[in-house]
J.: 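Before we start, here is the structure in question, set down as structure tokens.
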2 protein chains.
Amino acid sequence: MRAAIFRDGEITVDTLPEPEPGAGQVLVRTLACGICGSDLHARRHAHRMVELARHFPGRKPMDLPRDVVFGHEFCCEVLDYGPDTARKLKPGTKVCSIPALLTAGGPQNIGYSNDNVGGYAERMLLSEALLLEVPNGLAAEHAALTEPLAVGVHAVAKANIRGDEVPLVIGCGPVGLAVIAALRLKGLRPVIAADYSPARRALALALGADVVVDPAAQQPYATWAEHAAMSAEQKAARPPLQAMLPALKPALIFECVGIPGLLQQVFEGAARDARIVVVGVCMETDRFEPMLGIMKELNVQYVLGYTPDEFASSLRLIAEGQVDAAALVTATVGIDGVAGAFADLANPERHTKIIVEPWR
Amino acid sequence: MRAAIFRDGEITVDTLPEPEPGAGQVLVRTLACGICGSDLHARRHAHRMVELARHFPGRKPMDLPRDVVFGHEFCCEVLDYGPDTARKLKPGTKVCSIPALLTAGGPQNIGYSNDNVGGYAERMLLSEALLLEVPNGLAAEHAALTEPLAVGVHAVAKANIRGDEVPLVIGCGPVGLAVIAALRLKGLRPVIAADYSPARRALALALGADVVVDPAAQQPYATWAEHAAMSAEQKAARPPLQAMLPALKPALIFECVGIPGLLQQVFEGAARDARIVVVGVCMETDRFEPMLGIMKELNVQYVLGYTPDEFASSLRLIAEGQVDAAALVTATVGIDGVAGAFADLANPERHTKIIVEPWR
């Protein structure tokens, strides 16, 4: 079968042996697979990723001299079953799954693995136990957005929202947009969102942001403060010594950029007692001033991924039209277009989410 | 009056004009004042402290070419009152106060200020509204430990303990010891504590640690894991996908060292989903690997200081004998001994808390 392969640091099209389903596994045809920012990161920082994997003995790290097929945001069609399977879903059924394969040695990655190809290949293997049937009529390229939406749903869940916070989303790439959609579903308003790109700010508004800020023109934290002013009653209810502090509602900041220096910027801009959820994936060493965190008593929650329940509910949210997933898709390409798509994604004005359709 | 003054980066004994109480203020005689790690930090990093103060427009930063008298862990005796005071406490009454002076322009620091001398001076000014009478019979040098204990009480309060966590305290200086005492009062056990110094480990046990670790001999996180193993029932109750993860109770780590590189060490050692409370005050730029935090979904709560209520309850805890404050005091010096005490505190085997008695 054909696949876009990560080989010697580049994306190369070549053929690979057909995958053969083992016990409990399902052979599927890849219908659609989103290109994730993590894949762009992984291509540039593959050695870092392998180095960091030593902290997590459960999952087998990539062996970089060997081929890897990325792609962990997929929607597929059931083709055939391996041994020891219940075969409840007929061939032809459209399915999603978290990007994990259950093996005798425990769950292993799909997409960042030498053994389990991801969605930039024509066919792949999934675990029967993890299959979710795509509700009737939902297009595969929109069902493939389940994974990135689940990242936002999870980040918002980990924020332990009380209801009185004013959220600020820094960065409106796919992760930031998923966070905005998940915040809107929670009803926490107004949602303030910041991005340098006009196209991304327009998408932020489409997905539920109430106020968007261009950091080149305006300080996002100043805009946040304008929208976070306490009411007269809230002001009056404060204990005497707190009356000296700025009268602001609690800050809940989502860092959705993931580059070195960003956390320090958030520490500088954040209001006292802010809670910061780090959703952006920074793979490099970072530097910051802990004293800012200390003097403001900041809280930083790092998040990654999602639970199986959050993944399943994200698929339902898209299928029910509660999140406008279609708005995120800016292009579709075949296997031959993956390398070009990696390059194109550098320009936030042109692209948000590019979907790979390996059958094209 | 005489005072140990921070002048040109050194501690120098000299005379200063007598303080004169303004409206709402009280002239007090300093009975005892602890030397805090922050004072040692401040002497070495005074310029950093001033630089960081620009983020906090409320409080006036130190003007370093001018004299400063440190000392914010004090117990005093009422001498005289300024105008507009109720004078409920008679002269001779022993009092404590949070190290803040209420002025027309808002609260200002005591101890890190050119205007308000701290406890390394014979006399100082306090605000009548903030005075707490020391319960009968409690020695001034023990009442002076209210402030550092309040730091531990606050750190533990900010940890939002649920009751199922196993705490690990990294560093058993005065801050770590206060955290241990506060954890013991919460009943959260076993308390694991790590320090390179045998004297500090002995104190940790005296203040309520159940297990102490010498990081030179043993990995504190490995010792923590031995004591954090889930029970058979807890293991059995886990959802299926979590059954692949190590069966450990939730980790609650208190970082009580405050030097660059320490947070990265904690990120490396911490178990998945650990909550980290940063109580140590690192005034320098720090470097770390955000990916470790992301992959483990760590939570970092930075804390500083305490509330007035936490301060008042800390004084009560010492007075009622619920915390063995006396164990912390390893020496008392007069004003002439302050400079030497700053040097002596570098050796954790010799000293934990040195109390300045300016009347000596």
Side-chain angles (χ1 to χ4, degrees), chain A residues 45 48-49 51-53 55-59 98 100 102 106-107 129-130 154 158 239-246 255 258 260 262-264 267-268 272 275-276 278-305 307-309, chain B residues 45 48-49 51-53 55-59 98 100 102 106-107 129-130 154 158 239-246 255 258 260 262-264 267-268 272 275-276 278-305 307-309:
Chain A
H45 303 287
R48 283 288 292 144
M49 223 165 161
E51 192 191 317
L52 288 161
H55 292 281
F56 304 90
R59 301 219 174 177
I98 61 169
L102 305 178
L130 301 177
H154 178 67
K158 291 286 279 186
L241 270 173
Q242 278 189 25
M244 322 305 283
L245 300 173
E255 193 285 83
L262 220 292
L263 189 71
Q264 170 63 13
F267 272 37
E268 287 174 12
R272 207 191 131 72
R275 278 142 59 206
I276 300 157
V278 176
V279 206
V281 175
C282 175
M283 290 199 192
E284 293 155 78
T285 303
D286 204 0
R287 291 160 59 92
F288 77 116
E289 302 294 338
M291 268 311 280
L292 290 178
I294 294 167
M295 293 174 86
K296 297 182 178 184
E297 298 207 275
L298 302 178
N299 183 282
V300 184
Q301 174 68 58
Y302 294 90
V303 302
L304 182 72
T307 67
D309 284 350
Chain B
H45 303 286
R48 283 287 292 142
M49 222 165 161
E51 192 189 317
L52 287 161
H55 292 279
F56 304 90
R59 301 219 173 174
I98 63 170
L102 305 177
L130 301 177
H154 178 67
K158 290 287 277 185
L241 270 173
Q242 278 189 26
M244 322 305 285
L245 300 173
E255 192 287 81
L262 220 294
L263 189 71
Q264 169 64 12
F267 271 38
E268 287 174 12
R272 208 190 130 72
R275 280 141 59 206
I276 300 157
V278 176
V279 205
V281 176
C282 175
M283 290 198 191
E284 293 155 78
T285 303
D286 203 359
R287 291 161 61 91
F288 77 118
E289 302 293 339
M291 267 310 279
L292 290 178
I294 293 167
M295 293 175 88
K296 297 182 180 184
E297 298 208 272
L298 303 177
N299 183 280
V300 184
Q301 174 67 57
Y302 294 90
V303 303
L304 182 73
T307 67
D309 284 350

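Convention: sequence-line order gives letters A, B, ...; per-chain numbering from 1.
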J.: So, for Ile294(A) and Val303(B), which heavy atoms are closest and what is the spacing to 0.1 Å?
T.: CG2-O, 3.5 Å
J.: Check whether His45(B) gets within reach of chain A through its side chain, its backbone, both or neither, counting any heavy atom under 4.5 Å.
T.: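 Interface part for His45(B): neither.
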J.: If you tally heavy-atom pairs under 4.5 Å against chain A, which of Val278(B), Leu292(B), Val281(B) wins?
T.: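 Heavy-atom pairs under 4.5 Å are most numerous for Leu292(B).
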J.: Taking all non-hydrogen atoms of both residues, which atom of Gln301(B) and which atom of Glu297(A) are closest, and how far apart?
T.: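 Heavy-atom minimum between the residues: NE2-O, 3.3 Å.
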J.: Between Arg275(B), Lys158(B), Met295(B), which residue shows the highest count of heavy-atom pairs closer than 4.5 Å to chain A?
T.: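 Ranked by heavy-atom pairs under 4.5 Å with chain A, first place is Met295(B).
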J.: Examine whether an atom of Arg48(A) lies under 4.5 Å from a heavy atom of chain B, and if so say whether it belongs to the side chain, the backbone or both; otherwise answer neither.
T.: side chain
J.: To the nearest 0.5 Å, what is the distance between CG (Asp286(B)) and CG (Asp286(A))?
T.: 10.5 Å
J.: Which one, Gly305(B), Gly293(B), Ala100(B), Gly106(B), leads in non-hydrogen pairs under 4.5 Å with chain A?
T.: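 Going by pairs under 4.5 Å, I would pick Gly293(B).
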J.: If I compare all heavy atoms of Pro290(A) with all of Glu284(B), which pair ends up nearest, and what's the gap?
T.: CD-O, 3.2 Å
J.: With a 4.5 angstrom heavy-atom cut-off, which part of Ile276(B) approaches chain A: side chain, backbone, both or neither?
T.: neither
J.: Checking Gln264(A) against chain B: side chain, backbone, both or neither under 4.5 Å from a heavy atom?
T.: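 Gln264(A) has no heavy atom closer than 4.5 Å to chain B.
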J.: Identify which part of Arg272(B) has an atom lying under 4.5 Å from any heavy atom of chain A, answering side chain, backbone, both or neither.
T.: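 Interface part for Arg272(B): neither.
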